[in-house]
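Labels below follow one simple rule: chain letters A, B, ... track the order of the sequence lines, proteins then strands, and each chain is numbered from 1.
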Amino acid sequence: MNYWLMKSEPDAFSIDDLEMMKSSPWDGVRNYQARNFMREMRTDDIIFFYHSSCKVPSIVGTAKVSKEAYPDHTSWDENSAYFDAKSTRDNPRWFMVDITFQAKWKTPLSLKEMKSDHALVGFKLLEKGNRLSILPLSREHAQHILMSQT
DNA sequence: GCCAACGTTGGC
DNA sequence: GCCAACGTTGGC
């Protein structure tokens, strides 16, 4: 069992969207590090859903991995914003996973709160200059965050 | 809207 | 293989 954080701009895709859809592919990742993390994901891994580029950047809920990495077909769709001519059906460059809604938190956990929480020292999200849209969390950090919700 | 930080691209 | 230029991310 591993723990991950996935960022999304709520204007584009929010926790409410995921709740309505129940499950959704996580398409459009075009960064090698983030892609590699997705390929490490296993069914039932826990995902912290993070809203970025918004008024109060926060973890807003959780989801689970419901389908392990498979080719991101938007990469070979010429009409998609995520099209990449270097990715082909025979040799796909980009992958996605499916995630399934688990919970929307009554009280989101803001970036600001996490930064002031000494127990979260070392969490990559809180380190300066981090731009990765998918990050792993240690079991300790994940459990600490989950505890704060109960 | 600004800008620091970072990844990617491409010329050499 | 180096590195300058460029594009993107995302907090503030």
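Residues satisfying the side chain to side chain contact (heavy atoms under 4.5 Å, CB included) criterion with A/Val65, sequence neighbours excluded, are A/Met41, A/Asp45, A/Ile47. Taking A/Arg42 as the reference, A/Glu68 meet the salt bridge (Lys or Arg N to Asp or Glu O under 4.0 Å) condition, with sequence neighbours excluded. Taking the side chain to side chain contact (heavy atoms under 4.5 Å, CB included) definition, one finds that A/Arg30 meets it with A/Asp72, A/Thr74, A/Ser75, A/Tyr82, A/Trp94, sequence neighbours left out. Looking at residues two or more places apart in sequence or on another chain, you find a side chain to side chain contact (heavy atoms under 4.5 Å, CB included) between A/Pro25 and A/Tyr70, A/Met96, A/Asp98. Residues satisfying the salt bridge (Lys or Arg N to Asp or Glu O under 4.0 Å) test with A/Lys104, not counting sequence neighbours, are A/Asp16. Here A/Gln149 pairs with A/Trp105 under the side chain to side chain contact (heavy atoms under 4.5 Å, CB included) rule; sequence neighbours left out. Looking at residues two or more places apart in sequence or on another chain, you find a ring-ring contact (aromatic ring centres under 6.0 Å, His included) between A/Trp4 and A/Phe37.
Listed by residue number, the members of residues 24-31 of chain A with any heavy atom below 4.0 angstrom from DNA chain B are A/Asn31.
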Enumerate donor-acceptor pairs with a distance under 3.5 Å from any side-chain N or O in residues 120-130 of chain A to protein atoms, sequence neighbours excluded.
residue: A/Asn130; atom: OD1; partner: A/Leu132; partner atom: N; Å: 3.3

Using residues 51-59 of chain A as the side-chain source, report each donor-acceptor pair under 3.5 Å to any protein atom, sequence neighbours left out, with the distance given to one decimal.
residue: A/His51; atom: NE2; partner: A/Ile15; partner atom: N; Å: 3.1
residue: A/Ser58; atom: OG; partner: A/Val56; partner atom: O; Å: 2.7

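Using a 3.5 Å distance cut-off with no hydrogens or angles, the side chains of A/His144 and A/Asp117 do pair a donor with an acceptor.
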Inset, instruction - Sugar-phosphate means primed atoms, P, OP1 and OP2; the rest is base. With that split, encode nucleotides 3-12 of chain C 5' to 3' as B, S or - using protein heavy atoms under 4.0 Å. - result: ----BBBBSS

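For the helix from B/dG1-C/dC12 to B/dC12-C/dG1, the rotation axes defined at the first and last 5 base pairs enclose an angle of 10°, given to the nearest 10°.
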